[in-house]
Amino acid sequence: DAKTTQPTSMDCAEGRAANLPCNHSTISGNEYVYWYRQIHSQGPQYIIHGLKNNETNEMASLIITEDRKSSTLILPHATLRDTAVYYCIVLHGSSNTGKLIFGQGTTLQVKP
Amino acid sequence: NAGVTQTPKFRILKIGQSMTLQCAQDMNHNYMYWYRQDPGMGLKLIYYSVGAGITDKGEVPNGYNVSRSTTEDFPLRLELAAPSQTSVYFCASSFDRGRGYEQYFGPGTRLTVT
């Protein structure tokens with residue numbers, strides 16, 4: 001599975017959009033991009049995933065560049081409860097195991 | 001649905017003791033996983049299972065054993081506990097590839113080995 005690179009930390013003002021970037025320049029055609037987050041001391045929580053088209057759900061939007069070498073997770077109106085570590089993970093679509101390889105993630109601090 | 005449940009929430013072990021961390025899910029997921037998370041680090045996969053009777057090693061399996069006799073349960077056994085096994089342990093489950101690999105995580109077990 002392709003490796004991902006994320007900034008170590010980011011700040012965002014409450015009520016503003018939080019844009020979290022992820023670089024996955026070695027991604028292959030059949031690999032999906034998954035996003036999870038971990039609020040302090042809790043188990044990780046699934047947010048969204050996509051292959052090549054942009055995706056949106058009730059939590060967030062996922063924008064994947066046309067060459068698929070990077071993506072951005074967008075939290076449209078960040079709240080204090082969105083303060084968490086956000087993980088970008090690449091997973092092969094033909095995987096028979098669904099194993100996730102977690103990196104260090106981005107610590108997002110939402111400030112009042 | 002209760003989702004993924006883990007017991008105990010906290011445990012302190014002495015070096016050399018053994019214990020079993022329990023994990024259960026009621027979502028009829030085929031796939032289950034055990035992760036550990038050391039302070040300030042990301043999660044590391046210990047073992048996983050793609051169905052009852054089938055288990056395989058992850059990134060950091062040494063010092064642990066698992067079994068999967070039912071779809072619902074996936075216990076993790078620590079034999080001869082060592083201080084290096086002090087960590088937070090998370091269990092997770094997911095559907096198979098056909099329905100996407102969204103993983104659901106339990107609340108974790110915080111283990112200290114002294």
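Basis for what follows: all heavy atoms, side chains included, without hydrogens, waters or symmetry-related copies. Just so it is clear: chains get the letters A, B, ... in the order the sequence lines come, proteins before strands, and each one is counted from 1.
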Are A/Tyr36 and B/Gln103 close enough that some pair of their side-chain heavy atoms sits under 4.5 Å apart? yes

For residues 105-112 of chain A, run the donor-acceptor check on the side chains, cut-off 3.5 Å, and write out each pair with its distance to 0.1 Å, sequence neighbours left out.
| from | atom 1 | to | atom 2 | distance (Å) |
| --- | --- | --- | --- | --- |
| A/Thr106 | OG1 | A/Gln6 | NE2 | 3.4 |
| A/Thr106 | OG1 | A/Pro7 | O | 2.6 |
| A/Lys111 | NZ | A/Asp11 | OD2 | 3.2 |

Review item, side-chain donor-acceptor pairs of residues 12-22 of chain B, under 3.5 Å, at least two apart:
| from | atom 1 | to | atom 2 | distance (Å) |
| --- | --- | --- | --- | --- |
| B/Gln17 | OE1 | B/Lys14 | N | 2.7 |
| B/Ser18 | OG | B/Glu79 | OE1 | 3.3 |
| B/Ser18 | OG | B/Leu80 | N | 3.4 |
| B/Thr20 | OG1 | B/Arg77 | NH1 | 3.0 |

Using the rule that two of Ile, Leu, Val, Met, Phe, Trp, Tyr join whenever any of their side-chain heavy atoms come within less than 4.5 Å, decide whether B/Leu45 and A/Val85 are in one cluster. yes

Under 4.5 Å between side-chain heavy atoms, hopping through other hydrophobics if needed: is there a path connecting B/Tyr47 to B/Val50? no

Drop me the distance from A/Phe102's CZ to B/Met41's CE, to the nearest 0.5 angstrom. 14.0 Å

Does B/Leu43 belong to the same Ile/Leu/Val/Met/Phe/Trp/Tyr cluster as B/Val60, with side-chain heavy atoms less than 4.5 Å apart forming each link? no

Pick one of side chain, backbone, both or neither for B/Gln6, based on which atoms fall under 4.5 Å of a heavy atom in chain A. neither

Let me know if B/Tyr35 has heavy atoms under 4.5 Å from chain A in its side chain, its backbone, both or neither. side chain

Does any backbone or side-chain atom of A/Leu100 lie under 4.5 Å from a heavy atom of chain B? Answer side chain, backbone, both or neither. both

